[in-house]
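Note that these values count all heavy atoms, side chains included, but never hydrogens, waters or copies made by symmetry. Numbering of residues begins at 1 and proceeds along the displayed sequence. When a ligand or atom number is given, it counts from 1 through the structure's own listing order. Please read all numbers here as calculations on a predicted model, not as lab measurements.
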Amino acid sequence: MKAAVYRQYGPPDVVRIEELARPEPKANEVLIKIKASTVSAGDWRARSLQMPAGFGLFARPVFGLFGPRKKVLGTELAGKIEAVGSAVRKFKVGDAVFAYPGFDMGCHAEYRTLPEDGRLMHMPAGVSFEEAASISFGGVTALKFLRDLAKLESGDDVLIIGASGAVGSAAVQLAKHFGARVTGVTSTPNLERVLALGADRVIDYTKTRFQEGGEKYGLIFDTVGSTSFSSCEGALKEDGRLILSAGSLPQILGSNWASRRSRKKVVAGNAPERVEHLHFLKELVEAGRYRPLIDRTYPLDQIVDAHAYVETGRKRGSVVITMA
Ligand SMILES: NC(=O)c1ccc[n+]([C@@H]2O[C@H](COP(=O)([O-])OP(=O)(O)OC[C@H]3O[C@@H](n4cnc5c(N)ncnc54)[C@H](OP(=O)(O)O)[C@@H]3O)[C@@H](O)[C@H]2O)c1
């Protein structure tokens with residue numbers, strides 16, 4: 001099978017298309033013929049080892065000390081079941097599925113095996129493979145931080161920084177679904193796009209600092225790592241929370257320290273990704289409450305161009321890779 005392989009860390013062109021052996025499903029596994037995947041911010045970071053400041057030290061132990069441990073990137077996929085192991089009960093050949101192996105990677109290839117009890121679901125009705133492949137990276141991250149970690153409630157005033165990114169565009173839609181009043185922070189070319197996602201209001205960060213409008217938010221979700229507790233404190237309500245999902249180590253530690261005597265809190269860290277997250281997002285897609293935002297689509301052969309575009313940090317939603 002064709003796969004995008006990287007054998008050393010570095011710029012986009014360390015990724016090469018190679019022929020690899022097609023995996024065989026074990027008894028409890030399915031073999032998926034992948035139709036679409038994405039190149040996410042996670043793929044770009046794992047390929048380049050560019051991490052938010054302070055996290056660089058942990059990168060090689062996580063991804064491979066002397067070179068990449070997982071040589072095929074790709075955190076999410078959509079495709080069709082090609083074969084099933086003898087013990088598989090939930091899926092059959094021909095089923096359309098989407099999956100989120102996350103940092104187990106391996107989706108930039110024509111085939112991937114996954115356990116039937118893994119983060120794998122039947123595709124929502126009425127979406128393309130490209131859309132289904134784009135549900136999870138942004139959607140699961142936004143869901144974990146907004147619902148599981150920050151305990152977003154109906155009626156909250158939420159500010160989302162980076163509202164046009166994969167995480168931010170999902171966060172806007174999820175926060176609206178949970179009944180929040182949403183303000184998106186983005187740049188001029190993306191204002192209309194963020195309003196179309198459902199934001200009640202947008203702030204153009206190239207013209208206005210959100211701290212200067214006098215508004216107070218119950219929740220500020222910084223999806224890009226552009227702020228800190230000290231710079232947001234005045235814009236948070238008395239018991240407000242600041243989510244730092246992409247902060248540097250100094251930003252997170254400094255923000256935790258600065259908030260220690262305040263009722264306002266910092267939410268950082270991580271939570272496990274669960275199949276329930278996919279189930280929740282699938283139902284939201286089917287109810288018309290969440291539609292992943294797609295920027296560009298590249299064939300697998302042009303994955304180097306896709307990596308280069310993602311690395312600009314300017315993509316809107318997901319960059320999709322399609323398999324022939
Ligand atoms: N902690 C976790 O579990 C976790 C999970 C997933 C991702 N992440 C991290 O979260 C970050 C975002 O991920 P992503 O997938 O959403 O990235 P992304 O899709 O590449 O984000 C790109 C978007 O960010 C916007 N942006 C850049 N700088 C901005 C700023 N100063 N203010 C407002 N918007 C800005 C850009 O819009 P403009 O062009 O308009 O500026 C662009 O649309 C990455 O650093 C990723 O590594 C963390």
Considering all heavy atoms, the nearest Ser230-Ala258 contact: OG-CB, 4.0 Å
Nearest non-hydrogen protein atom, atom 42 (C) of ligand 1: Lys315 O, 3.0 Å
Ligand 1 versus Val224: contacting region, heavy-atom distance under 4.0 Å: side chain
Where ligand 1 meets Thr186 - atom numbers and elements under 4.0 angstrom, heavy-atom basis: 40 (O)
Protein contact to atom 38 (P) of ligand 1 [nearest heavy atom, distance to 0.1 Å]: Ser187 OG, 3.5 Å
side-chain contact (heavy atoms from CB on, under 4.5 Å), paired with Leu146, selected from Thr141, Asp156, Val267, Leu219: Leu219
Test of proximity, Asn190 against ligand 1: N or O pairs below 3.5 Å: yes
Under 3.5 Å side-chain donor-acceptor pair for Thr38 and Glu76: yes
Atom 21 (O) of ligand 1: nearest protein contact (heavy atom, Å): Gly165 CA, 3.7 Å
Numbered atoms of ligand 1 (with element) below 4.0 Å of Gly162, judged on heavy atoms: 33 (C), 34 (N)
N or O pair under 3.5 Å between Lys144 and ligand 1: no
Modelled atom types, side-chain donor and acceptor of Thr227 and Asp222, under 3.5 Å: no
Shared-cluster residues of Val5, by chain and number - hydrophobic side chains joined below 4.5 Å: Met1, Leu20, Leu31, Val72, Tyr111
Within-cut-off N or O pair, Ser245 and ligand 1, under 3.5 Å: yes
Aromatic plane relationship, Tyr9 with Tyr6 - under 30° parallel, 30 to 60° tilted, over 60° perpendicular: perpendicular
Identity and separation of the nearest protein heavy atom to atom 16 (O) of ligand 1: Val167 N, 2.9 Å
His307 side chain to Asp13 side chain, donor-acceptor N/O pair below 3.5 angstrom: no
Nearest-neighbour protein heavy atom for atom 36 (C) of ligand 1, which is reported as residue plus atom name and distance: Gly313 O, 3.6 Å
Salt-bridge present (Glu153, Arg181; N to O < 4.0 Å): no
Salt bridge (Lys or Arg N to Asp or Glu O under 4.0 Å) partners of residues 109-121, not counting sequence neighbours, each pair once: Lys90-Asp117, Arg119-Glu273
Protein contact of atom 28 (N) of ligand 1 - nearest heavy atom, named by residue and atom, plus distance: Arg314 NH2, 3.4 Å
Main-chain N/O of Thr312 paired to Lys315 side chain as donor or acceptor, under 3.5 Å: no
Centroid-centroid distance, Phe98 to His122, less than 6.0 Å: no
Close approach of Phe137 to ligand 1, heavy atoms, under 4.0 angstrom: yes
Ligand 1 contact on Asn270 by region, counting heavy-atom pairs under 4.0 Å: side chain
N or O contact, Ala166 vs ligand 1, cut-off under 3.5 Å: yes
Proximal atoms of ligand 1 relative to Ala246 (non-hydrogen, under 4.0 Å): 9 (C), 10 (O), 11 (C), 45 (O)
Non-hydrogen atom of Gly42 closer than 4.0 Å to ligand 1: no
Proximal atoms of ligand 1 relative to Thr223 (non-hydrogen, under 4.0 Å): 10 (O), 11 (C), 12 (C)
Closest protein heavy atom (residue, atom, distance) for atom 45 (O) of ligand 1: Arg45 NH2, 2.7 Å
N or O pair under 3.5 Å between Tyr205 and ligand 1: yes
Taking atom 37 (O) of ligand 1 as the reference point, the nearest protein heavy atom with its distance: Ser164 OG, 3.1 Å
Polar atom proximity, Ala41 to ligand 1 (N or O, under 3.5 Å): no
No-hydrogen, no-angle side-chain donor-acceptor test under 3.5 Å, Ser164 and Thr186: yes
Donor-acceptor under 3.5 Å (Tyr290 side chain, Lys282 main chain): no
